[in-house]
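Note sheet for the following structure.
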Amino acid sequence: MDISRMRPLTGEGRKLYIETYGCQMNVGDSEIVVSILQDEGFVYTERVEQADVVLINTCSVRDNAEQRVWGRLQELKRYRKGKPHLLIGVIGCMAERLKEQLAERGEVDIVAGPDAYRDLPRLVRLADEGGKGINVQLSREETYAEIAPVRLDKNGVSAFIAIMRGCNNMCSYCVVPYTRGNERSRDPRTILREAEALFAAGYREVTLLGQNVNSYRWSDGEGQVDFPELMRRVASVSPLLRVRFATSHPKDMSDRLLETMASMPNICRCIHLPAQSGSTRMLELMNRKYTREWYLGRIAAIRRLLPDCAITTDLIAGFCGETEEDHRQTLSLMREVGYEFAYMFKYSERPGTRAARHMPDDVGEEVKNARLTEIINLQNELSLESNRRDVGKVFEVLVEGDSKRSADRIFGRNSQNKVIVFDKGDHRAGDYVRVKVTSCSSATLLGEEVR
Ligand code: 5AD
Ligand code: SF4
C-alpha cells in the first residue's frame with residue numbers, strides 16, 4: 001500500500017505568498033518555510049492577489065515592528081472578505097510572543113513560532129478543516145539543518161546561510177531570547193554543503209547568520225568546530241566566494257577570528273559590532289557584559305589586524321535611566337570609532353524582558369526623539385567622511401544588478417560592504433570588477449572601471 005498517497009495533499013498546487021518583517025534571520029527563515037511548503041505541493045508566488053495562503057513572518061524587537069503587522073492584518077482581514085477560501089498565517093517572533101491575542105483574531109488561521117516551521121503542513125491542514133493551526137513550541141535542537149532554502153532574493157549573487165538559532169545573551173532590553181529560544185549551532189557539514197551548492201549555482205557571496213555568530217560551536221566524534229574554523233572552511237569553498245557574517249557580540253570578538261579574517265582575502269572587510277551605548281553605566285544596565293574601554297580595545301584590535309576593515313554598529317537612544325551625559329558618551333564613542341554605518345533605534349520597552357520587569361522606561365518620548373536625531377545626524381556626517389576618504393581608491397566590486405536610477409549603470413559592493421555605482425559596459429550580476437571611486441554622497445560611492 002502506498003501510504004504517501006493516502007495522506008491528504010496539503011499543497012495541491014495552491015499558491016503561497018509570504019511577507020517578511022524584521023531581521024535577516026527572518027529573511028532566511030522565510031526561505032526555509034517556502035522550502036518546507038513546496039515539498040508539500042505549494043507553489044510560491046510573489047503576488048498576494050494570486051495567493052491561497054498568506055504567511056506574515058513577523059518581528060517583535062520593537063513595538064513599531066509589531067504595530068505594522070497589526071495594521072497589515074487589518075488590511076488582510078478586509079481583503080479576505082472577497083476571498084473566503086484564503087488562509088492567513090502569522091509566523092515568527094510575534095507568533096511566539098502573542099499567540100493568544102493572534103489566535104483570538106478571526107482572520108488568523110495559523111500561528112507558528114520560529115521553531116515550528118516543519119509543522120506548517122499539518123497546521124495548514126488543521127486550518128483547512130476549519131480549525132486553527134497553532135504551534136509555538138520552542139526547541140533546543142531545531143536548526144532546520146538539512147532543509148535547502150528556496151532562494152527568494154532577486155539577484156542570484158548573494159545569499160544568507162543560517163548557522164545558528166536562538167540567543168543566550170539576555171541583554172536586558174531584548175525580546176529575542178524569549179521569542180527564539182536557546183542558542184544552538186547547526187551541523188557544519190550541512191552549512192558547507194549549502195555554501196558549495198550556492199557557489200555551484202552561480203552565487204558569489206554568502207552571509208553567515210545568527211544572533212551571535214561568534215559563539216557558534218559544534219562538537220561531535222570528529223572534533224570541535226568554532227566560528228573562526230567554520231569561517232575558514234566556508235571561505236575555502238572558493239577564493240571567488242565572498243563570505244560575510246552577522247551579527248557578532250563584542251564580548252566574543254576574538255583575535256583568532258580577526259586573524260582568520262586577515263589570512264583569507266575573500267572574508268569581507270566589514271564587521272558589524274553592535275555597541276548599543278557608549279556609556280559603561282548604560283552597558284551594565286543593558287547586561288552587555290563589556291565596558292566602553294573594553295569595546296574600544298576590540299576596535300583597536302580590528303584596526304591592528306585588519307587595517308582596511310569597515311566597522312558598523314547598532315545603537316539604542318534613551319534606554320532606562322539614560323542621562324544627558326550617558327548620551328554624550330554614545331556620541332563620543334561614535335566619533336572615536338568613526339563608524340561606516342549604523343542602525344539607530346529609540347528604546348522600545350518589550351514586555352517580559354528584564355528591563356520591562358525591573359527598570360522604568362523613564363526617558364521621555366521627546367528626549368528620546370531628540371537624542372536619536374542627534375545620533376542619526378552624527379552618523380550621516382561620519383558616513384560622508386568615510387565615503388570621502390574612499391574617493392580616489394580602487395576597490396574590487398561584486399556586481400549585484402542594474403542601478404535603480406539609470407539603465408546604463410550597475411551597482412555592486414566592495415569588501416567593506418559599501419555600494420558603488422558605475423557604468424555597465426558588458427558586465428553582469430556576479431562579475432568582479434575593479435572600480436576607482438570618483439565621487440560620493442553619504443549613502444553611495446560613484447566610480448569608474450579600471451582595466
Ligand atoms: N528597543 C530598541 N532597540 C532594540 N534592539 C533590540 N531590542 C530593542 C529594544 N527593546 C536593537 C538593538 C539590536 C537590534 C537588532 O535591535 O540595537 O542590536
Ligand atoms: Fe525581530 Fe529579533 Fe525576531 Fe529578528 S530575532 S525577527 S530582529 S525579534
Side-chain angles (χ1 to χ4, degrees), residues 20-29 57-69 92-94 96-98 114 160 162 164-180 183 207 209-215 245-253 271-279 282-283 285-290 292 295 298 311-322 326-327 330 333-334 337 339 341-365 367-369 371-373 375-376 379:
T20 307
Y21 296 79
C23 62
Q24 295 169 336
M25 281 297 287
N26 262 16
V27 176
D29 281 3
N57 193 359
T58 58
C59 173
S60 286
V61 79
R62 283 169 292 276
D63 184 56
N64 57 8
E66 291 191 346
Q67 292 311 324
R68 277 174 66 203
V69 169
C93 289
M94 236 176 118
E96 194 63 47
R97 200 180 89 69
L98 298 170
F160 296 126
M164 59 192 302
R165 302 182 69 81
C167 184
N168 288 351
N169 284 329
M170 302 303 281
C171 301
S172 60
Y173 50 80
C174 187
V175 78
V176 173
Y178 307 93
T179 60
R180 283 188 171 265
E183 193 172 281
T207 303
L209 286 184
Q211 253 74 33
N212 179 15
V213 290
N214 286 307
S215 51
F245 57 97
T247 289
S248 30
H249 193 296
K251 74 175 168 55
D252 301 317
M253 178 50 69
I271 296 181
H272 185 65
L273 204 61
Q276 313 299 0
S277 169
S279 151
M282 281 292 112
L283 291 170
L285 289 173
M286 291 172 161
N287 194 30
R288 290 289 287 173
K289 304 185 184 95
Y290 55 86
R292 174 193 177 95
Y295 182 90
R298 292 292 76 208
I311 302 178
T312 63
T313 201
D314 292 350
L315 296 165
I316 299 178
F319 183 61
C320 310
E322 187 187 72
D326 293 317
H327 170 60
T330 295
L333 180 85
M334 292 172 71
V337 179
Y339 292 112
F341 178 84
Y343 293 102
M344 300 157 283
F345 311 105
K346 264 191 301 190
Y347 172 57
S348 163
E349 187 177 82
R350 308 314 295 130
T353 57
R354 177 117 61 96
R357 281 181 283 128
H358 301 297
M359 301 172 210
D361 180 11
D362 54 3
V363 178
E365 196 58 20
V367 175
K368 275 186 192 168
N369 282 332
R371 288 181 187 168
L372 180 63
T373 305
I375 288 174
I376 292 172
Q379 186 52 50

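One-based numbering, in listed order, for ligands and for the atoms of each.
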Inset, instruction - Indicate, as side chain, backbone, both or neither, the part of Y173 found under 4.0 angstrom from ligand 1 when only non-hydrogen atoms are considered. - result: both
Inset, instruction - Mark up the atoms of ligand 1 that fall under 4.0 Å of a heavy atom belonging to Y347, in ascending order. - result: 1 (N), 2 (C), 10 (N)
Inset, instruction - State whether a side-chain donor-acceptor pair under 3.5 Å links Y173 with E349. - result: no
Inset, instruction - Might you work through the salt bridge (charged side-chain N to carboxylate O under 4.0 Å, His left out) test for D63 and K346, ending with a clear yes or no? - result: CA-CA 10 Å; D63 184 56; K346 264 191 301 190; over 6 Å; no
Inset, instruction - Check I316 against ligand 1 and report side chain, backbone, both or neither, counting heavy atoms closer than 4.0 Å. - result: side chain
Legend entry - Aromatic ring proximity H272/F341, centre distance under 6.0 Å: no
Inset, instruction - Output yes when the distance from some N or O of ligand 1 to some N or O of D314 is under 3.5 Å, and no in every other case. - result: yes
Legend entry - Value rounded to 0.5 Å, distance of CZ in R292 from CG in D326: 11.0 Å
Legend entry - Which of the ligand 1 atoms, numbered from 1, are nearer than 4.0 Å to a heavy atom of Q276: 12 (C), 13 (C), 17 (O), 18 (O)
Inset, instruction - Measure from atom 11 (C) of ligand 1 to every heavy atom in R62, M344, H272 and give the option owning the shortest one. - result: R62
Inset, instruction - Report yes or no: do N169 and K289 form a side-chain donor-acceptor pair below 3.5 Å? - result: no
Inset, instruction - Enumerate the atoms of ligand 1 whose separation from the nearest heavy atom of K346 is less than 4.0 angstrom. - result: 1 (N), 2 (C)
Legend entry - Test item: side-chain donor near acceptor, T207 and Q24, under 3.5 Å: no
Inset, instruction - Run the contact test for E349 against ligand 1 with a 4.0 Å cut-off on heavy atoms, strictly below, and give the result. - result: no
